[in-house]
Number of protein chains: 2
Amino acid sequence: MNVMNDSPRRKELTRQAAQLFVQAGFDRTTVRMLAQEMGIKSGSLFHHFRDKQEILTAVIEEGTQNALIIAKAALDQCDNSAEARLQAMARAHLETLLTDRNAHVVALYEWRRLDPEARDHLSHLRDAYEALWEAVIDDALAAGLIHGDRFLVARFVMGALNWTVRWYDPAGPRSPDDLAHELIAMITHRSA
Amino acid sequence: MNVMNDSPRRKELTRQAAQLFVQAGFDRTTVRMLAQEMGIKSGSLFHHFRDKQEILTAVIEEGTQNALIIAKAALDQCDNSAEARLQAMARAHLETLLTDRNAHVVALYEWRRLDPEARDHLSHLRDAYEALWEAVIDDALAAGLIHGDRFLVARFVMGALNWTVRWYDPAGPRSPDDLAHELIAMITHRSA
DNA sequence: GATTTACACTAGCGCTTGCTTGGTTGACCC
DNA sequence: GGGTCAACCAAGCAAGCGCTAGTGTAAATC
């Protein structure tokens, strides 16, 4: 009835929960459904999580932290040019969105189901991620690669990317790399 | 316990339901909450709607139909140039998104709560709307205003626009017109 | 060998949910 | 002035919900 560490067991349970949250939505996923998917009884679930809310928080936290790590790594490894960084960031974003898909779909759709404290905590993580984007976009603006208001450009780009979870089919002909390329081509102003 | 016409009373009830769906989400909005907002008792609600699902369907249908009407009107009234049509379409999209906001937020967030038949019916409406976008984008491609894959460009643009419901503040300094302008400027390839 | 710990179980409490039933009201109609 | 009908109400049912209490047990720790 307590314990809130981050054991490997808990990580696995979190991953399974994410899957169900995507399929049915948070509110329609019952603790009994979660328990069954995890191979335990509903009562045992509360040994690992304080309450159902905490499962949602764990799912979103995991996904956002991964995104942050991957984006930072991508920026570290790429060329220093504004265009390369823009490209790397877009590709990293799409890759997390598609490999770690469940967690991100949950983060996008079920954010409002978080209670205020969890939302406050997680929005700091999200802000850290968006700060990466704004830095990259500032560089691109300074390099004359794109034009416009940095706030608006950042939000338009992230909107276009996040929206992909609604229509992108990983089994289709387009790779995440293709998408990133196409998007960057669309917004950069060179001779084309 | 029956009746499913589209009386003016039902229209008004639908509008009020949309508001609650936005505030609390579909699943957390109880029929008792809906009834109270409407000034009736929960049982009476089922005189106007077959079940709770039908209220959701009504909300989304109303919003999508309005968007279609407004977009068509905007295209009829604007210049015939590819750029003017692109601009008009983006502005119309943002205006519906912001004036008829409740219904659209519900459509974006609660789409997956629709049962299969309703989803099938409504996706035809949505397809009709998206077809307008693809026609406009085809024109813009043909005019050399933008470059790239028509499918991808359409989805990127709609993603950027739809995402605005997450961050746009109507009380802020930017008008829908500003947003439309900035977005079009970002994706069109002229000398800038 | 005794104690603790981690994890799971059974059983069910208290509450809310969507929806139904059977009946009342007042406006309109011939 | 009896009949019709949309609109509403009071009362409550059956099901499902999140969560708790108390117990069992095998492995780890002392």
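Just so you know, these numbers use all the heavy atoms, side chains as well, and skip hydrogens, waters and symmetry mates. Note on naming: letters A, B, ... go to the chains in the order of the sequence lines (proteins, then strands), and numbering restarts at 1 for each one.
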Closest to the side chain of His47(A), out of dT20(C), dA6(C), dC19(D), is dA6(C)
Rounded distance in Å - CG (Leu13(B)) to C1' (dA6(D))
13 Å
Does anything in residues 19-37 of chain A come within less than 4.0 Å of DNA chain D? Heavy atoms only, and list the residues if so.
Thr29(A), Thr30(A), Val31(A), Arg32(A)
Taking only the side-chain nitrogens and oxygens of Lys52(B), find out if one of them lies under 4.0 Å from OP1 or OP2 of dG18(C).
yes
Heavy-atom nearest nucleotide on DNA chain D for Ser42(B) versus Gly39(B): which residue maps closer to 5'?
Gly39(B)
Using the side chain to side chain donor-acceptor pair (under 3.5 Å) rule, take Tyr109(A) and His104(A) through it: C-alpha gap first, then chi angles, then the decisive distance, then the call.
CA-CA 8 Å; Tyr109(A) 279 92; His104(A) 287 286; over 6 Å; no
Whole-Å distance between dG18(C) P and His48(B) NE2?
17 Å
Integer-rounded Å distance: dG18(C) C1' and Leu45(B) CG
11 Å
Report the distance from atom CZ of Phe46(B) to atom P of dT17(C), rounded to the nearest whole Å.
12 Å
Expressed in angstrom and rounded to an integer, what is the separation of Lys41(A) atom NZ from dC9(C) atom C1'?
9 Å
From CD of Glu54(A) across to P of dC19(D) the rounded distance in Å is 11 Å
What's the CZ-P distance between Phe49(B) and dA7(D), to the nearest Å?
11 Å
NZ or CZ of Arg126(A) within 45° of Trp111(A) ring axis and under 6.0 Å
yes
Can the positive tip of Arg174(B) be found less than 6.0 Å from the middle of the six-membered ring of Tyr168(B), inside 45° of the ring normal?
no
If the cut-off is 4.0 Å, is Arg9(A) near the phosphate of dA8(C), judged by side-chain N/O to OP1 or OP2?
yes
Over-ring placement of Arg28(B) relative to Phe26(B), 6.0 Å and 45° cut-offs
no
Donor-acceptor pair, Arg91(B) side chain versus Asp177(B) backbone, under 3.5 Å?
no
Without decimals, in angstroms, what is the distance between Ile40(B) CD1 and dC9(D) P?
6 Å
Can you tell me if CD on Glu130(B) sees more than 12 non-hydrogen neighbours from other groups inside 6.0 Å?
yes
Tell me whether Val157(B) is reachable from Leu141(B) by hopping between hydrophobic residues (I, L, V, M, F, W, Y) whose side-chain heavy atoms are closer than 4.5 Å.
yes
Side-chain N or O of Ser44(A) closer than 4.0 Å to phosphate OP1/OP2 of dC7(C):
no
